[in-house]
Amino acid sequence: MAEKLWKGRFEQPTDKLVEDYTASIHFDSRLYRHDIQGSIAHCRMLAECGIIPHEEASLIVQTLGEILRDIERGKIELDSSQEDIHMAIENELTARIGETGGKLHTARSRNDQVALDMRLFMREAISSILDLIGLVQSSLVEMAENHIGVVMPGFTHLQHAQPILFSHHLMAYYEMFGRDFARLRDCLNRTDVMPLGSAALAGTAFSTDMEWTARHLGFSRVIGNSIDAVSDRDYLIEFCSASAILMMHVSRMAEELVIWSSAEFAFIEISDAFCTGSSIMPQKKNPDVPELMRGKTGRVYGNLFALLTVAKGLPLAYNRDLQEDKEPVFDSVDTVMATLRLLSKMLPQIRINTERMARMAGQGFTAATDLADYLARRDVPFRKAHHVAGRIVQYCIQAGKELGDCSLDELKSFHKAFDEDVFAYLDVSSIIDRRESVGGTATPRVKEAIARAKAELKSRQPGSKKNIETDE
Ligand code: ARG
């Protein structure tokens, strides 16, 4: 392993097993850009405050820029000879410019350095995820708009319940993803806090200017307590939690896509580009992508629990346990981003079997509630009307027919209030369009929801700082 920057008080070399066990370079090397970005800001601030000479600061800044380019061109290997990304970059700096490189670490520690790096990384990651949620929402709105006349059975308990517009069903997911967006935007707001300068835990005795560093790095504010700055990871836990909820929504949709593409439902066909075959059964076209979306939700839940468990019971301030925050967070970022990207691409390519959906919308006694409502509107108490409709359903089941197959005389034999107009009343589209309550499935209501969504998406600049509400 490369020379240790903290070797001063040690007499014996580190055990090789310990080096391997404690190293984080294999996963934190992806923070190289943020680490250099933070170091450049820190170095400039040190010079601004007269803590290190301007010429030396310029040399450090310039060399850090060169190191960044060399890493990006693959000229520097960030390998296991280094403990972590912070050491790797500082070692490289000192190798290039000698002792002057050692001035960079004035008035900071790796504890506030890693805290800063993660906040810089998360600011970008959350902004990208906000953009991707917007893409998924746009796909949903577009589908809803293109299929506005399509009817389907709405389900409760996975049993036919009442007919609904397919677009209404899609817009329900739009709402869920809207809340996921808001949760992550709030999380971005709490991420947007600058911790560098808190040093090991107590702050620094040098006359630094944390506000300067914050401004330079585009942070809205400086953290208020140096111990908190290096100890807490609540914004990461919040991110993992919001990601878990987001994936729960994705997973519910994925589950529906799987069920709906089965031969039994046959509501949709997922494009070949998003399915895979079987190695033994030639006829198979499997919905592996939604299945994996459902499956990967599990690991995102796991990441939340990993983080909560790591943080639980840690005395203040920094403890090395906190190094374990990165892999779960990175994994959630990667999984959520890949999932949303794929979802936004897969949705527009799904073929909707409108004829089959419409046929099923009227089956399974989905008009039974309206049959009862019909009587209730004719002054029959709803409880009584419900009972009569239930008797009619039972009669139909025994006779092997649907409600619409009954004659008026048959209906009248259950209640005299039935009249000729009952058949029009039970028509699927009139059932749907009567549901004009706020947020209901009536066509004008769904069209309004689509229009509102389009306006919202248009006004939203995903990931933009303008969207960060100050709710703290
Ligand atoms: N690799 C460490 C981490 O990710 C950096 C901070 C190390 N600090 C320390 N005092 N050992 O947490």
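In listed order, ligands and their atoms are each counted from 1. Nothing here was measured: the structure is a model prediction, and the numbers come from that model.
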J.: How far is atom 4 (O) of ligand 1 from its nearest protein heavy atom, and which residue and atom name does that atom have?
T.: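 Result: K326 NZ, 2.6 Å.
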J.: Check the pair M87 / D84 against side chain to side chain contact (heavy atoms under 4.5 Å, CB included), numbers first and verdict last.
T.: CA-CA 6 Å; M87 298 283 208; D84 61 24; 3.1 Å; yes
J.: Under a 4.0 Å heavy-atom limit, does Q113 contact ligand 1 with its side chain, its backbone, both, or neither?
T.: neither
J.: Provide, to 0.1 Å, the distance between atom 7 (C) of ligand 1 and the closest protein heavy atom, together with that atom's residue and name.
T.: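 Scanning the protein heavy atoms, the shortest distance from atom 7 (C) of ligand 1 goes to Y318 OH, 3.5 Å.
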J.: Does an N or O from Q323, backbone or side chain, lie closer than 3.5 Å to an N or O of ligand 1?
T.: yes
J.: Any idea which protein heavy atom is nearest atom 10 (N) of ligand 1, and the distance to it?
T.: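 Protein heavy atom with the smallest distance to atom 10 (N) of ligand 1: N111 OD1, 3.1 Å.
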J.: Just checking W260 against H169, ring centres under 6.0 Å apart?
T.: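 Ring-ring flag for W260/H169: true, centres closer than 6.0 Å.
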J.: State yes or no: are the ring centers of F166 and Y173 separated by less than 6.0 Å?
T.: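 Ring centroids of F166 and Y173 are no less than 6.0 Å from each other.
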J.: Within ligand 1, which atoms have a heavy atom of S24 less than 4.0 Å away?
T.: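 Those of ligand 1 that fall under 4.0 Å from S24 are 1 (N).
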J.: Would you mind running through ligand 1 and noting each atom that sits below 4.0 Å from a heavy atom of D84?
T.: 1 (N), 2 (C), 5 (C)
J.: With heavy atoms of V114 as the reference, note each atom of ligand 1 found under 4.0 Å away.
T.: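 Once the distances to V114 are compared, the set is 4 (O).
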J.: Validate the cation-pi geometry between R119 and Y235: distance from NZ or CZ to the six-membered ring centre under 6.0 Å, angle to the ring axis within 45°.
T.: yes
J.: Relative to F206, does R108 satisfy both conditions: NZ or CZ under 6.0 angstrom from the six-membered ring centre, and within 45 degrees of the ring's axis?
T.: no
J.: Looking at atom 11 (N) of ligand 1, what's its closest protein heavy atom, distance included?
T.: R110 NH2, 3.5 Å
J.: Are there over 12 heavy-atom neighbours, none belonging to K285, within less than 6.0 Å of that residue's NZ?
T.: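 It does: K285 NZ has more than 12 such atoms within range.
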J.: Distance to the ring centre below 6.0 angstrom and angle to the axis at most 45 degrees; does that hold for R30 and F121?
T.: no
